[in-house]
Amino acid sequence: MARPRLTAVRGVRDVLPEESRHWHGAERLAREIFARYGYGEIRVPVFERTELFARGIGEETDIVSKEMYTFEDKGGDSITLRPEATASICRAYVQNGLHNRPGVSKLFCIGPMFRYERPQAGRLRQFHQIDAEVFGSVDPAVDAELIVMLMEFLDAMGVEGLALQINNLGDAECRPAYAAALKEFLREETRHLGAEIAERVERNPLRFLDSKDPDHQEIIARAPRIDAFWNDDCRNHLEGVCRLLESAGVAYEINPRLVRGLDYYCLTVFEVTSESLGAQNAVCGGGRYDGLVEDLGGPPTPGIGFAIGVERLLQLAGEKAPAQDEETQVYIVALGDAAQAPVFELAAELRAQGVRTERSFGGGSMKSQMRRADRSGAAFVLLLGDDEAAKGVVSVRHMNESRQTEVRREEISSYIKDNL
Ligand code: HAM
């Protein structure tokens with residue numbers, strides 16, 4: 001009896017070679033551009049102690065309260081698959097003594113993240129982020145440089161029609177006053193919305209501003225805005241960032257209602273969205289977290305960063321996404337048993353020369369082998385059979401020009417390299 005077929009769990013996906021060429025292209029471009037700005041790659045574990053995320057991201061956030069993949073390991077420790085990279089990078093920054101190095105530290109990280117969200121278009125349970133973080137400076141120029149780098153990368157990816165929204169969430173001085181005013185307003189206005197909303201308003205009134213519920217929009221539109229509470233420091237910081245963005249030719253919009261789903265932010269926050277993504281319209285989000293390193297037990301250290309969702313990025317870039325060259329360049333067809341050993345050798349020779357070479361296995365008719373050759377996308381198909389062996393040549397088909405020529409066996413490598 002046939003065994004039932006096994007499938008992947010809900011909310012994850014496989015990336016096949018024709019698509020992963022674009023992943024490699026995007027990652028290579030990120031590495032190239034980020035290196036130009038002085039970033040080094042950090043690779044942090046995909047799982048950490050649960051406490052790191054609970055403390056870092058905030059117990060009351062959706063991510064921590066509902067969406068974490070948390071389990072007890074065999075030693076009885078509570079472990080969580082990382083839902084984001086920032087908390088882990090802060091931990092690693094302190095644990096590895098990077099705070100003792102002079103100047104700012106610029107780090108980036110690329111990899112999978114895990115959130116138990118309801119899967120839908122653009123929302124996965126395992127997704128990937130390209131994440132960048134800068135530690136050690138409160139200078140608005142750091143914020144501006146980070147955002148300029150982000151927009152340069154998105155532009156180089158061929159993504160169009162993006163909107164950059166920016167806000168300032170206040171600092172330790174002005175935010176509490178704003179949160180108190182907002183809470184008072186929402187207590188009154190959301191009274192009819194039930195106990196769950198009332199509880200959320202009490203715990204974290206700012207999060208209500210992030211609600212996508214159509215019934216809440218009218219209340220949000222009337223709610224007090226953070227810009228009325230900014231002190232001089234916050235106002236100057238935002239102005240400083242905006243002035244530098246303008247000088248770099250980066251278009252932005254200030255949105256005083258922009259809040260983020262993680263609790264560690266202060267001062268600058270931003271999001272990059274695209275209408276064509278639908279309901280899950282953010283391709284990137286980020287901001288400052290000047291208290292996070294200290295909250296995680298490190299020395300007081302300001303920080304700012306962003307994370308781009310790779311699946312959403314590639315969906316937006318579509319065919320314009322740069323692709324790494326990984327396609328087969330040469331395909332060898334073996335005609336008859338006698339050709340098998342020479343084909344094996346010829347393939348090895350071409351590969352040693354750096355040519356991406358594939359060959360047919362298991363024989364088959366010329367026609368079926370040619371069909372496979374055609375599907376491989378190779379620019380050259382080499383045919384090796386008895387005739388060719390007797391004459392000491394290889395037949396070369398130029399697939400893009402529909403012509404065929406004979407090349408001496410000992411000259412084939414240089415011929416291919418000259419013609420690729
Ligand atoms: P975030 O806004 O939670 O921020 O996520 C950043 C990006 O990851 C989103 O804009 C989106 O493109 C992608 N993303 C998030 N959740 C999903 C999902 N379930 N499926 C597909 N894509 C998703 C952070 O993670 C912060 N750590 C960003 C940051 C870095 N802030 C400072 N430094």
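All residue numbers in this chain count up from 1 along the given sequence. Atoms within a ligand are numbered from 1 in the order they appear, just like the ligands themselves.
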Please confirm whether the ring centroid of Phe135 lies under 6.0 Å from the ring centroid of His99.
no
Below 4.0 angstrom from a heavy atom of Glu133, which ligand 1 atoms are there? Numbered from 1 as shown, please.
30 (C), 32 (C), 33 (N)
Select one of side chain, backbone, both or neither to describe which atoms of Arg115 lie under 4.0 Å from any atom of ligand 1, heavy atoms only.
side chain
Is the contact between Met113 and ligand 1 made by the side chain, the backbone, both, or neither, using heavy atoms and a 4.0 Å cut-off?
neither
What atoms in ligand 1 come closer than 4.0 Å to a heavy atom of Gly285?
10 (O), 28 (C), 29 (C)
Non-hydrogen atoms of Gly122 versus ligand 1: any pair closer than 4.0 Å?
yes
Take His24 and Glu326 through the test side chain to side chain donor-acceptor pair (under 3.5 Å) and record every step on the way to the result.
CA-CA 10 Å; His24 296 158; Glu326 290 167 13; 2.5 Å; yes
Tell me which protein heavy atom sits closest to atom 18 (C) of ligand 1, plus the residue, atom name and distance to 0.1 Å.
Phe127 CD2, 3.4 Å
Taking 4.0 Å as the limit for heavy-atom contacts, which would you say applies to Tyr264 with ligand 1: side chain only, backbone only, both, or neither?
side chain
Is the centre of the Phe380 ring less than 6.0 Å from the centre of the Tyr331 ring?
no
Give the residue and atom name of whichever protein heavy atom lies nearest to atom 20 (N) of ligand 1, and the separation in Å to one decimal.
Leu124 N, 2.9 Å
Cation-pi between Arg125 and Tyr116: NZ/CZ under 6.0 Å from ring centre and within 45° of the ring axis?
yes
Between Tyr39 and Phe108 (judged by ring centroids, cut-off 6.0 Å), do the two rings come close enough to count as a pair?
no
For Glu84, the ligand 1 atoms whose distance to one of its heavy atoms is below 4.0 Å
25 (O), 26 (C), 27 (N)
Does ligand 1 have any atom that is closer than 4.0 Å to a heavy atom of Glu311?
no
Output yes when a side-chain donor or acceptor of Arg175 lies under 3.5 Å from a complementary backbone atom of Leu169, and no otherwise.
yes
N/O of Ile63 under 3.5 Å from N/O of ligand 1, yes or no?
no
What protein heavy atom lies closest to atom 1 (P) of ligand 1? Include the residue and the distance to one decimal.
Arg260 NH2, 3.6 Å
With no hydrogens and no angle check, is any side-chain donor or acceptor of Gln165 less than 3.5 Å from a backbone partner on Glu271?
no
is_close_aromatic(Trp23, His128), centroid dist under 6.0 Å
yes
Is it true that the NZ or CZ of Arg359 lies under 6.0 Å from the centre of Phe361's six-membered ring and within 45 degrees of the ring axis?
yes
Heavy atom of Gly261, distance to ligand 1 below 4.0 Å
no
Does at least one non-hydrogen atom of Arg288 fall below 4.0 angstrom from an atom of ligand 1?
no
Which ligand 1 atoms does Asp131 reach within 4.0 Å, using its non-hydrogen atoms?
30 (C)
